[in-house]
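Everything on this sheet refers to the single structure shown next.
First the proteins, then the strands, lettered A, B, ... as listed; each starts at 1. Keep in mind the model is a prediction, meaning the values are calculated, not measured.
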Amino acid sequence: MGLTPRFTHPWDLSPAEAQALQRKLARRVRFEVPERMETVAGLDISVRGEQGRAAAVVWHVDRQQVLEHVAVEGTVSFPYVPGLLSFREVPLLLQALAQLRTTPDVLMVDGQGLAHPRRCGLATHLGVLLDHPAVGVAKSRLFGRHAEPGPEKGSWAPLYDDGEVIGAVVRTRTGVRPVYVSVGHRMTLEAAVALTLRCTTRYRLPEPTRLADQLSRA
DNA sequence: GCGACAG
DNA sequence: ATCTTGTCGC
């Protein structure tokens with residue numbers, strides 16, 4: 001039922017252990033253009049104290065409509081630590097994905113993918129565990145340097161770490177603050193940027209993650 | 001020592 | 001992220 005991880009690992013890790021694990025997970029990332037990208041599952045989570053609510057909204061890209069949505073609640077114990085966000089959010093997101101009736105072609109996460117100090121942001125961590133196509137779309141920067149993208153919708157600038165391109169700063173709406181797109185797993189940066197733009201209608205954030213955010217805090 | 005720092 | 005109403009700016 002739904003998407004289930006190919007493998008798992010301990011979650012009660014020390015910061016040092018968590019970082020070591022991220023380096024190992026990053027080595028498993030694969031780059032490819034997904035066979036299908038018709039349905040996208042937007043994922044997000046909201047937390048109040050120790051209680052969290054994760055939401056998954058499956059969006060049909062061409063029809064621009066929601067096909068399915070689920071929400072699950074649970075305890076979130078890992079604290080927020082810049083660079084270790086996935087250890088706080090992945091457990092509950094996996095619970096939500098397991099409840100889906102359908103299998104989305106791509107996962108769109110509210111956070112970074114490879115645009116991370118150890119190339120293992122939330123989208124990468126989740127994508128690798130599920131071995132499923134994933135893209136990260138964050139509202140702000142965690143890591144990397146970049147120029148200001150053009151002001152029109154669709155323009156974007158590469159996000160670099162030294163000479164390596166780790167993501168893209170994308171203008172989803174004219175004159176609006178850009179979003180940070182990066183590959184999570186089984187994806188290419190070009191396809192991730194194109195998909196993000198195709199999923200964006202009248203708001204700054206693409207519909208999948210925007211709706212998931214809305215549902216998670218409802 | 002001083003910033004920066006996804007959500 | 002979360003705490004929270006009105007309000008500054010294009």
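The interatomic distance linking Leu85(A) (CG) with dT2(C) (P) rounds to 12 Å, in whole Å. Rounded to whole Å, atom C1' of dA6(B) lies 14 Å from atom CZ of Phe87(A). Spacing between atom CG of Leu92(A) and atom C1' of dA1(C) amounts to 14 Å, rounded to whole angstrom units. Per the geometry, CG belonging to Leu43(A) stands 15 Å off P belonging to dA1(C), to the nearest Å. Remark: C1' of dA1(C) and CG of Asp110(A) are 10 Å apart, rounded to the nearest angstrom. Per the geometry, CZ belonging to Arg53(A) stands 16 Å off P belonging to dA1(C), to the nearest Å. dA1(C) atom C1' lies 13 Å from atom CZ of Arg48(A), rounded to whole Å. Rounded to whole Å, the distance from CG on Leu84(A) to P on dA4(B) is 20 Å.
Judged by the 6.0 Å distance and 45° axis criteria, Arg210(A) is positioned over the aromatic ring of Tyr203(A).
Under 4.0 angstrom from either OP1 or OP2 of dA6(B) there lies no side-chain N or O belonging to Tyr180(A). Residue Arg88(A) places no side-chain N or O under 4.0 Å from the OP1 or OP2 atom of dA1(C). Checking the phosphate oxygens (OP1, OP2) of dG7(B), a side-chain nitrogen or oxygen of Lys139(A) falls inside 4.0 Å. Residue Ser86(A) places no side-chain N or O under 4.0 Å from the OP1 or OP2 atom of dA6(B).
For Gln112(A), the side-chain atoms get nearest to dA6(B) when compared with the rest of dC5(B), dA6(B), dG7(B). Looking at the side chain of Leu122(A), the nearest of the listed nucleotides dA6(B), dT2(C), dA1(C) is dA6(B).
Side chains of Thr75(A) and Glu50(A): no donor on one and acceptor on the other come within 3.5 Å.
Glu164(A) and Arg119(A) are joined by a salt bridge, as a carboxylate oxygen and a charged side-chain nitrogen come within less than 4.0 angstrom of each other. With salt bridges taken as basic N to acidic carboxylate O contacts below 4.0 Å, none links Glu207(A) and Arg198(A). A salt bridge does not link Arg145(A) with Asp161(A): none of the charged nitrogens is closer than 4.0 Å to a carboxylate oxygen.
Using a 4.0 Å heavy-atom criterion, one finds that Gly175(A) contacts no nucleic acid atom at all.
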